[in-house]
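This report concerns only the one structure given below.
First the proteins, then the strands, lettered A, B, ... as listed; each starts at 1. All figures in this text were calculated on a predicted structure; none of them were measured in a lab.
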2 protein chains.
Amino acid sequence: MPSRVIVSRDLADLMRLLAHADRLRLIEELGQGEKTVSELAAALALPSTRISQHLALLRAHRLVAERRNGRSHFYHLTHPQLATWILDALPFVDIRNRLGEAEHIERVRALWSAQPPHHNVE
Amino acid sequence: MPSRVIVSRDLADLMRLLAHADRLRLIEELGQGEKTVSELAAALALPSTRISQHLALLRAHRLVAERRNGRSHFYHLTHPQLATWILDALPFVDIRNRLGEAEHIERVRALWSAQPPHHNVE
DNA sequence: CCCATAGATGCATAATTTTGCAGATATGCA
DNA sequence: TGCATATCTGCAAAATTATGCATCTATGGG
């Protein structure tokens, strides 16, 4: 089984992991630093069970790692560059029915990188 | 519906499109230039119907575009950088049960970028 | 006009994922 | 010890995707 095929499988696995809006938001959230499950649940406005399930997936593929302290589980990206690499894909998203492309990308990038004051900025 | 959510959806759509080994190989193949459906089918050793189906998907999301000449349909990436952006993800793939990480990544990158002599290199 | 070649499409079936919910665990505190 | 908090896991139902196959379209040649 040729190596290119193998590699493409690995990459596809990674992409599949990222092919979910919640998980992407999770990763971008973690791009700003360590966070607990409940902080993430609050930030994304999702049930913490769901967050937990997503994190389990990401953890299984070593995209995030856990650090426990008391009853809180702090999560962080194992490769912090992952968050920025993802944003680098913005030029490739299909922007039909969207405003000015370049400006749009800038706006979005700013949106993500901005430390959300509390998380009412969404 | 907050914009971050929207963007993460767009990005997730993109990732979902890339979350398939065949499509990734297709994109890397096209990263080397325009190719027809049958060339791609031969290179990936897959039925051309399947190639066609994948291309239809990629086309629908404007990742590739078509140019027809006679009965051949030539495909190319609308954003050639896409191919290299994908390879930039190699450091993030889960390499448990693999050899030396850094060297491995280099080897793989070389493998992809090498113009396959005929396509028996696979 | 007829045939062969190159691709595209439609569909039903099979394979994967996602989601919600109902328990498990584990930790800190009274 | 008993209880509440924080999180994890297992599972079945619902939603998405992928695949194979049959069919259809377009182009070029004779």
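Between the side chain of B/Gln53 and the base of C/dG7 there is no donor-acceptor pair of N/O atoms closer than 3.5 Å.
Of the candidate nucleotides C/dT19, C/dA4, C/dA8, C/dA8 has the atom lying nearest to any side-chain atom of B/Arg59. Comparing C/dC11, C/dG7, C/dT17 against the side chain of B/Ser72 picks out C/dG7 as the nearest.
Among the heavy atoms of the strands lying under 4.0 Å from B/Thr49 is at least one base atom, whether or not backbone atoms are also near. Nucleic acid contact for B/Arg50: sugar-phosphate only, since backbone atoms but no base atoms lie under 4.0 Å from a heavy atom of the residue. B/Ser38 comes within 4.0 angstrom of sugar-phosphate atoms only, judged by non-hydrogen atoms across all strands, and of no base. No contact: A/Phe74 has no heavy atom under 4.0 Å from any strand.
By the criterion of side-chain heavy atoms lying less than 4.5 angstrom apart, applied directly or through intervening Ile, Leu, Val, Met, Phe, Trp or Tyr residues, B/Leu46 is grouped together with B/Tyr75 in one hydrophobic cluster.
The separation between B/Leu55 atom CG and C/dA8 atom P is 7 Å, rounded to whole Å. The nearest whole Å value for the distance from the CG atom in A/Leu24 to the P atom in C/dT18 is 12 Å. If you take CZ of A/Arg9 and P of C/dT16, they are 12 Å apart, rounded to a whole angstrom. Atom pair A/Leu17:CG and C/dT17:C1' shows a separation of 12 Å (rounding to whole Å applied). Spacing between atom NE2 of A/His73 and atom C1' of C/dT27 amounts to 9 Å, rounded to whole angstrom units. Taking atom NE2 of B/His54 as the reference point, atom C1' of C/dG7 lies 15 Å away to the nearest angstrom.
Comparing A/Arg16 and A/Asn69 against DNA chain C, the residue whose closest nucleotide sits nearer the 5' end is A/Arg16.
On the nucleic acid side, DNA chain D contacts chain B at distances under 4.0 Å to non-hydrogen atoms, with the end points of that region at D/dT17 to D/dG28.
Checked by atom type and distance alone, the side chain of A/Thr78 pairs as donor or acceptor with a backbone atom of A/Arg62 at under 3.5 Å. Without hydrogens or angle criteria, A/Glu39 side chain to A/Thr36 main chain gives a donor-acceptor distance under 3.5 Å.
When every heavy atom of A/Arg23 is checked against every heavy atom of A/Arg16, the shortest pair comes out as NH2-O, 3.4 Å.
Sorted by first and then second residue, the pairs that involve residues 49-61 of chain A and meet salt bridge (charged side-chain N to carboxylate O under 4.0 Å, His left out), not counting sequence neighbours, are A/Asp22-A/Arg50.
Aromatic ring pairs are classed by plane angle as parallel below 30°, tilted from 30° to 60° and perpendicular above 60°; the pair B/Trp85 and A/Trp85 is parallel.
Between B/Tyr75 and the phosphate of C/dA6, there is no side-chain N or O to OP1/OP2 separation shorter than 4.0 Å.
At least one side-chain heavy atom of B/Arg4 sits under 4.5 Å from a side-chain heavy atom of A/Trp112.
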